[in-house]
There are 2 protein chains.
Amino acid sequence: MARYLPGLQTRDRILDSTRWLLARVGLDGTTLAAILERAKVRSGSFYNLFDSKDEAILTVVREAINAVDPHPDGIGKDTVQELVDAYIQFITGQPTLAKIYLQTAVGGAMHDEALAHRVLSHHETRVTRLADALRRETGTSKAKSRTQAELLLAGLNGLAFHWLLDPDFDISSRAVELVAGR
Amino acid sequence: MARYLPGLQTRDRILDSTRWLLARVGLDGTTLAAILERAKVRSGSFYNLFDSKDEAILTVVREAINAVDPHPDGIGKDTVQELVDAYIQFITGQPTLAKIYLQTAVGGAMHDEALAHRVLSHHETRVTRLADALRRETGTSKAKSRTQAELLLAGLNGLAFHWLLDPDFDISSRAVELVAGR
DNA sequence: CTCAAAATAGAGCGTATACTCAAAAACAGC
DNA sequence: GCTGTTTTTGAGTATACGCTCTATTTTGAG
């Protein structure tokens, strides 16, 4: 483990490199050699700081998943618009982590059972909070608002996909239309 | 290329094997060795019939997509509902291929250049046909129907994402609601 | 300044994978 | 049956990858 400053700095460089590669070239392209070259580190140093390549990758993925997590202190208070805005802001503001999150969720590195569960539970949390906000604002039934929330979130995720594919795509105003046409 | 019966039969066995592996163990697990073992074929025979492992995979992907096409031979006949149904059927019937599709959309996940191109051009075709169907049915302008098609497809991709995350998610009826609320 | 701990370098190992090739066997038209 | 073509075999090649190990340098507390 790293105890001196140089070790901690190298560790950061490695994680930066891994994060960059995951977002740009995907899981397959994130080879050890690529990580090492970009971080300007030899394999010996890497394995002095990490037990395996996967450990570095999982560290980054965990970070990405946490970044999608809605803030827990606002439960029961947020509006639909706030939640949608927060999501869009995450996607457009942190495209690197957003890409990693979506890639991971779709099936890349999800051989890790615990991570898969975390992604699902984050998704669940988001649906529930959206449904609550919808019920508070429109007064629809519990079941119906949940269905609406699922549809809305699916739409947002779809928009995110589209935006990642085409950065010129106007995700913000599409999101507005999506909320309006609900 | 195969000209005698035995050649055609081994070709079929290889494609069956590839299809089975893609569905069961995913893209990563579909190694050449696995294909060969399941098809009871040695590598020499394989390369007598295919130029590469990717060609076999590509063939399977193409067949899966075509199998679900409502009007494979003629463009300009399908309805919006038909195209949406075909999409849902593709996603739920071939979850592995659906994953490949979405991973490619997120970008970079596909190391295979030809496969990525194939998937993306398929995406383009689908947008165009959806837009055409929308214009035929609603009489909207060319530009507007294309935007609508992109939004609709984004929604469908979002639903697919949700379904891949949670297989219990009722993607079919959600898709119906999505089309209805357009 | 000293010295044990930490950090680094980089040659090299083991393994998995896609793919090649020359020779042998099976095939089918004559 | 003869003969050219197709099919099959399987040992062998090339490469990429994750990872190890030892020697060397750097660090920083006392």
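Heavy atoms only: backbone and side chains are in, while hydrogens, waters and symmetry mates are out. Residue numbers begin at 1 in each chain, while the letters A, B, ... track the order of the sequences.
Taking a pair to require two hydrogen-bonding distances under 3.5 Å in either a Watson-Crick or a G-U wobble arrangement, D:dG30 pairs with C:dC1.
Residue contacts for B:G44: at a heavy-atom cut-off of 4.0 Å it reaches a base atom on one of the strands shown. Residue contacts shown for A:T31 are limited to sugar-phosphate atoms, with no base heavy atom under 4.0 Å away.
The phosphate of D:dT8 has neither OP1 nor OP2 within less than 4.0 Å of any side-chain N or O from B:N48. In this structure, A:S45 reaches the C:dA9 phosphate: one of its side-chain N or O atoms is under 4.0 Å from OP1 or OP2.
Distance CZ (A:R11) to C1' (C:dA6): 15 Å, rounded to an integer number of Å. Taking atom CG on A:L36 and atom P on D:dA16, their separation rounds to 16 Å, with Å as the unit. For the pair B:Q9 CD and D:dT6 C1', the computed distance is 14 Å after rounding to whole Å. Between B:R3 atom CZ and C:dA28 atom P there is a gap of 14 Å when expressed in whole angstrom units. Distance, B:K40 NZ to D:dG10 C1': 16 Å, rounded to whole Å. Note: NZ (A:K53) to P (D:dT20) measures 14 Å, nearest angstrom. Regarding B:L8, its CG atom lies at a distance of 11 Å from the P atom of C:dA28, rounded to whole Å. Summarising the geometry, the separation between CG on A:D51 and C1' on D:dC19 is reported as 12 Å, rounded to the nearest angstrom.
When each of D:dG4, D:dC19, C:dC19 is scored by its nearest atom to the side-chain atoms of B:Y4, the top-ranked nucleotide is D:dG4. Closest to the side chain of A:L32, from the set D:dT5, D:dC19, C:dA18, is D:dC19. Residue B:Y47 has its side chain nearest to C:dA18 when only C:dA7, D:dT5, C:dA18 are considered.
Residues B:A33 and B:L5 each lie close to DNA chain C; by heavy-atom proximity, the contact nearer the 5' end of the strand is made by B:A33. Looking at which nucleotide of DNA chain C each of A:R42 and B:S43 is closest to, the 5′-most match is held by A:R42.
The aromatic rings of B:F161 and A:H123 stand perpendicular to each other, their planes meeting at an angle above 60°, with 30° marking the opposite boundary.
Among all heavy-atom pairs drawn from A:L156 and A:A175, the shortest one is CD2-CB, 4.2 Å.
If you check residues 12-25 of chain B against DNA chain C, you find no residue with a heavy atom closer than 4.0 Å.
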Given the rule in the side-chain contact (heavy atoms from CB on, under 4.5 Å) test, do A:R62 and A:R118 qualify, once you have shown the distances and angles that lead to the verdict? CA-CA 9 Å; A:R62 243 178 259 126; A:R118 265 168 94 177; 3.3 Å; yes
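No side-chain heavy atom of B:W163 sits under 4.5 Å from any side-chain heavy atom of B:I88. B:T10 is listed as a side-chain neighbour of B:R13, based on a closest heavy-atom distance under 4.5 Å.
B:N157 and B:Y87 share a donor-acceptor pair across their side chains, judged by distance under 3.5 Å alone.
Linking Ile, Leu, Val, Met, Phe, Trp and Tyr residues whenever their side-chain heavy atoms come within less than 4.5 Å leaves B:V176 and A:L178 in two separate clusters.
No donor-acceptor distance shorter than 3.5 angstrom exists from the side chain of A:E37 to the backbone of A:A34, with no hydrogens or angles considered.
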